[in-house]
Trainee: 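Could you have a look at this structure, given as structure tokens, before my questions?
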Amino acid sequence: MQRATIKTIAQETGLSIATVSKALNNSPQVRPETRAVVLAAAERVGYELNMHGVQLRTGKTYQVAAIMSAPGPRQNEWEGVEYAQLLSGISWALEESPYRVSLYAVRNFEESLATIKQIVTLKKADGIIFSGTRAEDPRIRLMQEADFPFVTYGTTMHNAPHAFVDADNEQMIRLCMSRLVGRGHRRIALVNPAVELTYAITRLDAYRLALETAGLPFDPALVSHGHLTPAFGRESVLAMSKLPDPPTAYICANEAAALGALSGFHARGLVHGRDAVINATDDLNVSQYFAPPITTFFLPISEPSALLGTSILRRMEGEPPEALQTLLMPDLIERCDDRLPSDR
């Protein structure tokens, strides 16, 4: 069987060879509907784009590097969102483009920095997506100095403006605190991510401001920072429930920590809704199956992951980073009243 070529697609579609070539190379000169016709025809005739030749002509790799934290061989604890879920959404967003995702699994910040430095220096990709941002992030500074396209899953505080996608952590904590205070809670614990992460700082600042607005004192004993695993959630409850004036509400940063917090309740003989309540600000549709189901904020992981994919495409096309900054507000899912019996 003769190998399909650009000429085959031109004959199939009635378009010129030049138009077909531009469409296959994702040229902005070709209208999206024309490109869709070309791609459909290419699939019908079994055409395979010679990416090596395209790379030589354009100087592009047509690769987007996704730098994702992956659990090490000794890490058996669930930490909520898995990198595979993010990767899937990004891949779907890139599907109609010539770009493909290359996964770089890293174990820690240092490995992430070294990997990004290598990708930028050796031009192993045309764009980078990564998460786990810090308030002042040297990875971002490195890419900005090299004028290298990137999008972060998370914000920063002290870097120059850059493209990002994130959940609105400030708004979530503000709303969660207002709701719990309105239901009579005066001792509210914050089970927070690792302290060096930007969203941990954002959440803590919003928590402190909410306490101040409600006229409540800040007690550092009611805040814990760590890796968001069930073990961490359990340990936080076991420690805080021993306080002379223990919390009546726990705000957990994700469902993994919330699951551990429920285990801590069981270990201490606490009853959810009688002695204290748990809320979570990262819902993967798992907490509806907890016993009891808990109040959460829900944002389908498909939304931020798809936005990461479309944003990196737009950034690689030269769109300014200031136009590619998105905060997503998750939906509040009230599965419990969250008032304690004395407040009803």
Trainee: Do other residues, nucleotides or ligands put more than 12 heavy atoms under 6.0 Å from the CG atom of D147?
Mentor: no
Trainee: Would you say M316 and K60 make side-chain contact, with heavy atoms under 4.5 Å?
Mentor: no
Trainee: Counting C-beta onward and ignoring hydrogens, is there a side-chain heavy-atom pair between V191 and V237 closer than 4.5 Å?
Mentor: no
Trainee: For R268 and L238, indicate whether the former's side chain and the latter's backbone hold a donor-acceptor pair under 3.5 Å.
Mentor: yes
Trainee: Determine, stepwise, if the pair L209 / I173 fulfils side chain to side chain contact (heavy atoms under 4.5 Å, CB included).
Mentor: CA-CA 10 Å; L209 181 59; I173 294 298; over 6 Å; no
Trainee: Closer than 3.5 angstrom, by distance alone: can the side chain of N192 be matched with the main-chain N or O of H225 as a donor-acceptor pair?
Mentor: no
Trainee: Mind checking side chain to side chain contact (heavy atoms under 4.5 Å, CB included) for K124 and listing every partner two or more places apart, or none if nothing turns up?
Mentor: Y104, Q118, I119, L122
Trainee: Under the criterion side chain to side chain contact (heavy atoms under 4.5 Å, CB included), I'd like the reasoning laid out for F150 against R139: C-alpha separation, chi angles, the key distance, then a yes or no.
Mentor: CA-CA 10 Å; F150 69 94; R139 298 167 296 183; over 6 Å; no
Trainee: I would like to know whether T310 and L307 meet side chain to side chain contact (heavy atoms under 4.5 Å, CB included); could you show each step before the answer?
Mentor: CA-CA 5 Å; T310 55; L307 267 172; 4.0 Å; yes
Trainee: Report the distance from atom CZ of F297 to atom OG1 of T295, rounding to the nearest 0.5 Å.
Mentor: 9.0 Å
Trainee: Do the ring planes of H272 and F265 sit parallel (below 30°), tilted (30 to 60°) or perpendicular (above 60°)?
Mentor: tilted
Trainee: As an exercise, state the distance from CD of Q63 to NZ of K123, rounded to the nearest 0.5 Å.
Mentor: 16.0 Å
Trainee: Considering the options R186, R187, H185, which one meets the side chain to side chain donor-acceptor pair (under 3.5 Å) requirement together with T248?
Mentor: H185
Trainee: Just wondering, do F148 and T121 contact through their side chains at under 4.5 Å, heavy atoms?
Mentor: no
Trainee: Under 3.5 Å, is there a donor-acceptor pair between the side chain of R339 and the main chain of C336?
Mentor: no
Trainee: Enumerate donor-acceptor pairs with a distance under 3.5 Å from any side-chain N or O in residues 298-306 to protein atoms, sequence neighbours excluded.
Mentor:
from : atom 1 : to   : atom 2 : distance (Å)
S305 : OG     : I301 : O      : 2.8
S305 : OG     : S302 : O      : 3.2

Trainee: Decide yes or no for I251 and L180: does some side-chain heavy atom of the first lie under 4.5 Å from some side-chain heavy atom of the second?
Mentor: yes
Trainee: When rounded to the nearest 0.5 angstrom, what is the spacing between OG1 in T296 and CD1 in I278?
Mentor: 12.5 Å
Trainee: Taking the side chain as every heavy atom from C-beta outward, state whether Y199 and M172 have any pair of such atoms under 4.5 Å apart.
Mentor: no
Trainee: Identify whether the distance between the nearest side-chain nitrogen and carboxylate oxygen of R183 and D338 falls below 4.0 Å.
Mentor: no
Trainee: Please list all pairs meeting side chain to side chain donor-acceptor pair (under 3.5 Å) that have one or both residues in residues 205-214, counting only residues at least two apart or in different chains.
Mentor: none
Trainee: How many angstroms lie between atom OG of S112 and atom NZ of K117, to the nearest 0.5 angstrom?
Mentor: 11.5 Å
Trainee: What's the separation between atom CZ in R335 and atom CD1 in I294, rounded to the nearest 0.5 Å?
Mentor: 7.5 Å
Trainee: Rounded to the nearest 0.5 Å, what separates atom CG in D219 from atom CE in M240?
Mentor: 9.0 Å
Trainee: Kindly say whether F232 contributes a backbone atom to a donor-acceptor pair with the side chain of S236 at under 3.5 angstrom?
Mentor: yes
Trainee: Per the side-chain contact (heavy atoms from CB on, under 4.5 Å) rule, which among T133, T198, L308 passes with T152?
Mentor: T133
Trainee: Excluding sequence neighbours, so at least two apart, what forms side chain to side chain contact (heavy atoms under 4.5 Å, CB included) with V271?
Mentor: R274, D275
Trainee: Step by step, would you call F130 with L113 a side chain to side chain contact (heavy atoms under 4.5 Å, CB included)?
Mentor: CA-CA 10 Å; F130 77 97; L113 176 59; over 6 Å; no
Trainee: If every non-hydrogen atom of I201 is compared with every non-hydrogen atom of A135, which pair is closest and at what distance?
Mentor: CD1-CB, 4.0 Å
Trainee: Can you give me the closest heavy-atom contact between P246 and S241, atom names plus distance?
Mentor: CB-O, 3.9 Å
Trainee: Using a 4.5 Å cut-off on heavy atoms from C-beta on, say whether the side chain of L327 contacts that of T155.
Mentor: yes
Trainee: P138 versus R141: any side-chain heavy-atom pair under 4.5 Å?
Mentor: yes
Trainee: Please list, one pair per line, the donor and acceptor atoms closer than 3.5 Å that link side chains of residues 158-170 to other protein atoms, with sequence neighbours excluded.
Mentor:
from : atom 1 : to   : atom 2 : distance (Å)
N159 : OD1    : D137 : N      : 2.8
N159 : ND2    : E136 : OE2    : 3.4
N159 : ND2    : D137 : O      : 3.0
H162 : NE2    : T156 : OG1    : 2.8
D168 : OD1    : Q171 : N      : 3.1
N169 : ND2    : A167 : O      : 3.2

Trainee: Between A253 and T281, which heavy-atom pair has the shortest distance, and what is it?
Mentor: O-OG1, 3.3 Å
Trainee: L204 versus V223: any side-chain heavy-atom pair under 4.5 Å?
Mentor: yes
Trainee: According to the salt bridge (charged side-chain N to carboxylate O under 4.0 Å, His left out) rule, which pairs have a member within residues 22-46, sequence neighbours left out?
Mentor: E12-R44, R31-E33
Trainee: Between E255 and S287 (side chain of the first, backbone of the second, donor and acceptor by atom type, cut-off under 3.5 Å), is there such a pair?
Mentor: yes
Trainee: When you check the side-chain N and O atoms of S88 and S91, is any donor under 3.5 Å from an acceptor?
Mentor: no
